Amino acid sequence: MEVLYIICFFIIGLVFGSFFCCVGLRLSKGEKFINDRSVCDCCGHVLAWYDLIPLVSYIMLRGRCRYCKEHVSLLNPFIEIVTGILFALSYYSFGFSLELVLSLFIVALAMIVFSSDLTYMIIPDEVIIFFSIVFIILEFLLKGISGGVLSILSGVLLFFFMLLLMKLGNSLFKKESLGGGDVKLFFVLGLVIDPFLGLITIFLASFIALPVSLYLLYKNKEHMIPFGPFILIAFLIIFFSKVTTSDIFEFLILF
């Protein structure tokens, strides 16, 4: 039965992944994502329902538009597969619980930001506001009043730390070092993890982003890279590993 549930969550994740990708892309362009029909980015043809079956349509059409035969972006199937995997991992990690609900919303946040930041280097304010409200409600339900208040304080602390980091970086490099969306994103993440784990997230995200930065430097490309996806990769690693601040301190004491 457990395997069946995991498969079901994977399939549900595929469906929601397509929706999350749509939300991230359309919000970044100021478009509606509920009532408007999906169209091909190349020819503008309205897509039929059978063109939008998560992953299946992409495979059946060999990654091309049915109408203009142009290659379509790999972003959609990528987000769908990753969301499916993370939905299944969420159930495997937390079972049917309130923590599962929190985990699914975290995955939703991650996939929407992945889509928007990778494509347009934008993290829409609507996404920050919506998930802030959801996480605050869930944190109060999970941890009670005192725990919920501490979660809000953690978010505020990480927000101001990132704001200070951005100001210092801008002053040091004489250009934008961090996007405002990245700073706001840390308020949302700080609602879920404590400030120390937030600092670990920053360090881990920078470490993961380093090879990409070195590659661009090697190619002599003056190009900004979206930091949001790296932040979320680091955050997901910490969240699903269930590591705690005390675990890290115990590890450091041993060495």
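Since the structure is predicted, the reported quantities are computational estimates derived from the model, not experimental observations.
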query: Backbone N or O of Val15 within a donor-acceptor pair of the Ser18 side chain at under 3.5 Å?
result: no

statement: Rounded to the nearest 0.5 Å, the CG atom of Leu165 sits from the CZ atom of Phe160 at a distance of 14.5 Å

- prompt: What residues, two or more places apart in sequence or in another chain, satisfy side-chain contact (heavy atoms from CB on, under 4.5 Å) together with Phe16?
  reply: Ile12, Phe20, Phe87

- prompt: Could you go step by step and tell me if Leu164 and Leu168 meet the side-chain contact (heavy atoms from CB on, under 4.5 Å) rule?
  reply: CA-CA 6 Å; Leu164 176 62; Leu168 289 174; 4.2 Å; yes

- request: To the nearest 0.5 Å, tell me how far Phe227 CZ sits from Met162 CE.
  value: 6.0 Å

statement: Minimal heavy-atom distance between Phe230 and Ile225, with the atoms involved, is CE1-CD1, 4.0 Å

statement: One should read off an interatomic distance between Leu25 CG and Thr119 OG1, to the nearest 0.5 angstrom, of 5.0 Å

Name every donor-acceptor pair, under 3.5 Å, that has one atom in a side chain of residues 187-208 and the other anywhere in the protein, sequence neighbours excluded.
residue: Asp194; atom: OD1; partner: Phe196; partner atom: N; Å: 3.0
residue: Asp194; atom: OD1; partner: Leu197; partner atom: N; Å: 2.9
residue: Asp194; atom: OD1; partner: Thr245; partner atom: OG1; Å: 3.0
residue: Asp194; atom: OD2; partner: Thr245; partner atom: OG1; Å: 2.6
residue: Thr201; atom: OG1; partner: Leu197; partner atom: O; Å: 2.8
residue: Ser206; atom: OG; partner: Ile202; partner atom: O; Å: 2.9

- prompt: What residues, two or more places apart in sequence or in another chain, satisfy side-chain contact (heavy atoms from CB on, under 4.5 Å) together with Ser116?
  reply: Ser28, Pro124

Show which side-chain atoms of residues 96-115 pair as donor or acceptor with protein atoms under 3.5 Å away, not counting sequence neighbours.
residue: Ser97; atom: OG; partner: Phe94; partner atom: O; Å: 2.9
residue: Ser97; atom: OG; partner: Glu99; partner atom: N; Å: 3.4
residue: Ser97; atom: OG; partner: Glu99; partner atom: OE1; Å: 3.3
residue: Ser97; atom: OG; partner: Leu100; partner atom: N; Å: 3.3
residue: Ser103; atom: OG; partner: Ser90; partner atom: OG; Å: 2.6
residue: Ser115; atom: OG; partner: Met111; partner atom: O; Å: 2.9

task: Please check if Leu157 and Val149 belong to a single hydrophobic cluster, counting links between Ile, Leu, Val, Met, Phe, Trp and Tyr side chain heavy atoms closer than 4.5 Å.
output: no

query: Of the non-hydrogen atoms in Met121 and Pro226, which two are nearest, and what is the gap between them?
result: CE-N, 3.8 Å

query: Quick one: does Leu163's side chain get under 4.5 Å of Met166's, heavy atoms only?
result: yes

Non-hydrogen atoms of Thr83 and Ile79 that approach each other most closely: OG1-O, 2.6 Å

field: side-chain contact (heavy atoms from CB on, under 4.5 Å) partners for Phe10, two or more places apart
entry: Leu14, Ile85, Ala88

Exercise answer: donor-acceptor pairs, residues 134-148 side-chain atoms, under 3.5 Å, sequence neighbours excluded:
residue: Glu139; atom: OE1; partner: Lys143; partner atom: NZ; Å: 2.7
residue: Glu139; atom: OE1; partner: Ser151; partner atom: OG; Å: 2.9

- request: Please determine, by modelled atom types, if Tyr92 and Glu2 share a side-chain donor-acceptor pair under 3.5 angstrom.
  value: no

